[in-house]
Chemist: 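What follows is a single structure, and I will ask about it in a moment.
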Amino acid sequence: MGTAEKLEERATEFRKVMKLPEGPEVETAMYDIAVAAPSEETVVQVASWNEVLSALHKASVDDQFIPPVVRVDDQLKPLAVVKEGDAVIYWDFRTDRAKPLTAAFLDVPYGGQNGGLSDVARKNMPANVKFITLTHYDDNFNASPNLLEAFNPGQPLEDTYAEVVGREGVDQLIVAESEKWRAVTWFKDGRRNLGYERVSEDGIIITEKHPSLPIETRIAMSRKVSAHVEAPQMRAAEITELLLEGVRKGVTDIFTNYANADMVGHATTDASWFDKTVEAITVLDESLGKLVPEALEKGYTVFITGDHGNAEEMFNPKNGRANPAHTSNKVPFIVLGQAEGESFTVDPEISIGQMGVCALQMRGLDAPASWDLSSALNGTVKPDKMRKIMRIILDGYGVRDDEYGNAMAHAAKKKGSPLHMDRWMNGEDGAVSARAEASGERCGYPEGVSGTTEFGHVLFDAGRDVPTDLVLINRAVEKNLFASNPAFKAAVEVAKNGGTIHCMGVLSDGLVHSSMKHIEAMLKTLKDSGAASSSIALHPIADGRDVPGDSSPKFFDWLENLTKEIGCGEIVSTFGRAWGKDRDNRWKRIEAAFRSLTEGTAFVHIQKV
């Protein structure tokens, strides 16, 4: 058995693995170090969970990359693994990153899944586990008899912009990299699987088509690196070339997402890595400088906006530390390429949800009855159903005048001239623009809560006001609906019959994936409904992206204090969100997290002393 020094040595070893160059080797190495069975060599005695977390932070392993850690008893047996007949409650309300582990436990693939668990992991898959999701994660999961949804507040949206114009014969191209695949399909399509059919795959580009509408998606597989700071260029070049192909073919409607500002910004959990985010913005600027002029030359009207802020505010102004989280700053909203005879401006009070309405206005098509938002284009617009329109989403690209921690401002200084986005926001090249709201109540979030990629993409094509699941489940807490929820009652019955209730999800106050208010309401409901404290095992997932990368200790303290106050459960394992919540089909990471939950394998095992 080892001491804290041994833990630090292991953490340093893992950090070296994360620095391996791009390629499948890094995924294999990460997996191999994370799936050790409990033994004298893997066990470390610690005084608290915070000792474990702090040792990892000291080795520059931030919260999102914390490899699986499992607590064991004196006999080296994991305190609680998911076994046959148990219940699992996944307390996250956001769906995309919750799908992989849900698919693993239910043995049902989700829409867009590539890969899955190995035979090694499947050999120990527990049977007959009641799997309870806080909300509706994927249509495919309904095929499992073991699925229970505590809430399904966000009903799928029909008559999205893509459907409305598609039914009118408008051909469409959707381009993104795989990190944002679900955003530009499932979320943009109104939180529905529309049955896209695979046409081709060449190892980097996946092409799919809608089964009945003239919509083609082209997805560039994201680079195989441990974190996107290792390759800030991501797939911007490939996306730009795919878009230029579409422009040269004259595709009528083009939609794309550039992920650099968001994904590299999230990975900049150390202030010393800020230059990586600046590099990501430089890549975006070069991509736009190549794409937009040719699109305008070919007669396109080009919309450019963001889904939320991030890279414009990378430092906490109070302490100078890295701030990798989304911001509530407004985002740019730019329109270039007015047609002859047009003269319009953008309403200064615009929200991102109005973009689809603006594009529909340009096409001269009637809005469906379900749409309740108005266009933000003021002036003369000449409608043309087959007008060529391109909508560019710069993920995580907010607007902020202060240069401190502002990757856009630093990229402009590095360039020695204004970025293209700055020029267009200032009206050059005939652009009209405004700063658009992407957060808070106008965009369906609670007041003051930052926007997200996923719900932002719901809004882009919805044409209507839509509340987030966070808002709707908050209302359920206020109405005390957790106490009467049938899914939670089913979990309590499992405990009363000798099983264990395993509760897992992101633990932070980021309000992007989960809510501490929901966790508290859930645990109180389980306790008040008769579940014994010993029957509840907690598996919090460290965040580090929507909150500072070393903030997990305070959230673990909060959860441990809450369990003592309620008399309900204890923490038995953890891993960072880059493992079990990977959404880019890195199945070795997902499997390592799954096996920690079902077998107790881990990067390190701890005994509390």
Side-chain angles (χ1 to χ4, degrees), residues 63 87-98 132-137 148-154 308 325-328 439-441 443-452 454-455 466-489 491-492 501-529 531 533 536-548 551-571 574 577 581:
D63 289 335
V88 175
I89 299 176
Y90 208 154
W91 68 55
D92 289 358
F93 58 78
R94 180 166 141 179
T95 65
D96 62 327
R97 290 187 179 273
I132 299 159
T133 60
L134 190 64
T135 185
H136 178 69
Y137 290 170
L148 292 171
E149 294 177 343
F151 301 97
N152 188 354
H308 56 79
H326 294 180
T327 72
S328 57
S439 302
E441 292 179 304
C443 293
Y445 307 93
E447 182 179 359
V449 172
S450 302
T452 67
E454 289 63 34
F455 200 72
V466 186
T468 61
D469 284 359
L470 172 58
V471 167
L472 296 171
I473 297 173
N474 281 351
R475 293 173 186 169
V477 173
E478 292 163 3
K479 295 178 181 179
N480 199 31
L481 297 181
F482 274 54
S484 59
N485 190 279
F488 294 145
K489 288 185 174 181
V492 172
I501 305 172
H502 301 267
C503 303
M504 68 177 185
V506 170
L507 178 60
S508 80
D509 60 3
L511 294 175
V512 174
H513 291 269
S514 64
S515 165
M516 292 161 72
K517 179 190 295 186
H518 301 169
I519 297 170
E520 182 175 358
M522 174 196 69
L523 291 177
K524 285 182 176 179
T525 293
L526 297 179
K527 176 65 174 179
D528 293 345
S529 299
S533 177
I536 299 172
L538 304 178
H539 308 267
I541 300 172
D543 189 343
R545 279 181 46 146
D546 301 312
V547 292
S551 59
S552 57
K554 72 175 182 180
F555 300 119
F556 273 63
D557 281 346
W558 173 84
L559 184 57
E560 289 191 311
N561 289 334
L562 178 66
T563 58
K564 291 174 183 177
E565 175 189 330
I566 299 175
C568 181
E570 74 176 317
I571 300 173
T574 191
R577 54 182 282 175
K581 295 185 74 66

Chemist: Hey, mind stepping through V88 and M504 against side chain to side chain contact (heavy atoms under 4.5 Å, CB included) and telling me if it holds?
Modeler: CA-CA 8 Å; V88 175; M504 68 177 185; 4.0 Å; yes
Chemist: Can a donor-acceptor pair be found, under 3.5 Å and without considering hydrogens, that links the side chain of T468 to the backbone of V471?
Modeler: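 Present.
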Chemist: Can you name the side-chain hydrogen bond (donor to acceptor under 3.5 Å, both in side chains) partners of Y90, sequence neighbours left out?
Modeler: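 In terms of side-chain hydrogen bond (donor to acceptor under 3.5 Å, both in side chains), with neighbours along the sequence ignored, Y90 is linked to K581.
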Chemist: Does anything in residues 552-567 pair up under salt bridge (Lys or Arg N to Asp or Glu O under 4.0 Å), and if so which pairs, sequence neighbours excluded?
Modeler: E560-K608
Chemist: Please walk me through it: do T525 and N485 pass side chain to side chain contact (heavy atoms under 4.5 Å, CB included)?
Modeler: CA-CA 9 Å; T525 293; N485 190 279; over 6 Å; no
Chemist: Rounded to the nearest 0.5 Å, what's the gap from CG on L148 to CD1 on I132? Could you check?
Modeler: 5.5 Å
Chemist: Got Y445 and L511 here, is their nearest side-chain heavy-atom distance under 4.5 Å?
Modeler: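 Answer no - side chains too far apart.
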Chemist: To the nearest 0.5 angstrom, please state how far the NE2 atom of H539 sits from the CH2 atom of W91.
Modeler: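 Here the interatomic distance stands at 9.0 Å.
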Chemist: Please list all pairs meeting salt bridge (Lys or Arg N to Asp or Glu O under 4.0 Å) that have one or both residues in residues 472-482, counting only residues at least two apart or in different chains.
Modeler: none
Chemist: Out of curiosity, I473 CD1 to L481 CG, how far, rounded to the nearest 0.5 Å?
Modeler: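 It comes to 11.0 Å.
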Chemist: Hey, mind stepping through D469 and L134 against side chain to side chain contact (heavy atoms under 4.5 Å, CB included) and telling me if it holds?
Modeler: CA-CA 10 Å; D469 284 359; L134 190 64; over 6 Å; no
Chemist: Indicate yes or no: at least one non-hydrogen side-chain atom of L523 is less than 4.5 angstrom from one of L538.
Modeler: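 With C-beta onward as the side chain, the pair touches.
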Chemist: Identify, with sequence neighbours excluded, every residue that meets salt bridge (charged side-chain N to carboxylate O under 4.0 Å, His left out) alongside D63.
Modeler: none
Chemist: With sequence neighbours left out, which residue pairs that include part of residues 508-518 fulfil the side chain to side chain donor-acceptor pair (under 3.5 Å) condition?
Modeler: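 For residues 508-518: N474-H518, S508-D543, H513-R577.
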Chemist: Which atom names give the shortest non-hydrogen contact between T563 and G569, and what distance separates them?
Modeler: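 Looking at all heavy atoms of both residues, the closest pair is CB-O, 3.4 Å.
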Chemist: What residues form a side-chain contact (heavy atoms from CB on, under 4.5 Å) with E570, not counting sequence neighbours?
Modeler: R71, L79, V572
Chemist: Return the minimal non-hydrogen interatomic distance between L526 and C503, and the atom names on each side.
Modeler: CD1-SG, 3.9 Å
Chemist: Over all heavy atoms of both residues, which pair between S450 and S328 is shortest? Give the atoms and the distance, please.
Modeler: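 Closest approach of S450 to S328, heavy atoms only: OG-N, 3.3 Å.
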Chemist: How would you list, by chain and number, every residue that makes a ring-ring contact (aromatic ring centres under 6.0 Å, His included) with H308, sequence neighbours excluded?
Modeler: H326
Chemist: Could you tell me if the side chain of F93 sits less than 4.5 Å from the side chain of L472, heavy atoms only?
Modeler: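 SC-SC contact between L472 and F93 ruled out.
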Chemist: So does P540 get a backbone contact from the side chain of T574, meaning a donor-acceptor N/O pair under 3.5 Å?
Modeler: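 Confirmed, T574 side chain pairs with P540 backbone.
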Chemist: Please give me the minimum heavy-atom distance between F455 and V466, naming the atom from each residue.
Modeler: CZ-O, 3.2 Å
Chemist: Side chain of D528, backbone of A483: donor and acceptor closer than 3.5 Å?
Modeler: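 No, because the side chain of D528 does not come within donor-acceptor range (under 3.5 Å) of the backbone of A483.
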Chemist: Please name all residues satisfying ring-ring contact (aromatic ring centres under 6.0 Å, His included) with F482, sequence neighbours left out, ordered by chain then number.
Modeler: F151, F488
Chemist: Rounded to the nearest 0.5 Å, what separates atom OG1 in T135 from atom CD in E149?
Modeler: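 CD of E149 is found 7.0 Å from OG1 of T135.
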Chemist: Tell me the closest heavy-atom pair linking Y137 and R94, and the distance in Å.
Modeler: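 Closest approach of Y137 to R94, heavy atoms only: CE2-O, 4.2 Å.
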Chemist: Which atom names give the shortest non-hydrogen contact between V492 and A531, and what distance separates them?
Modeler: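 The pair with the smallest heavy-atom distance is CG1-N, 4.0 Å.
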Chemist: Decide side chain to side chain contact (heavy atoms under 4.5 Å, CB included) for L507 and W558; before the verdict, give the C-alpha distance in whole Å, the side-chain angles of both, and the deciding distance to 0.1 Å.
Modeler: CA-CA 10 Å; L507 178 60; W558 173 84; 4.0 Å; yes
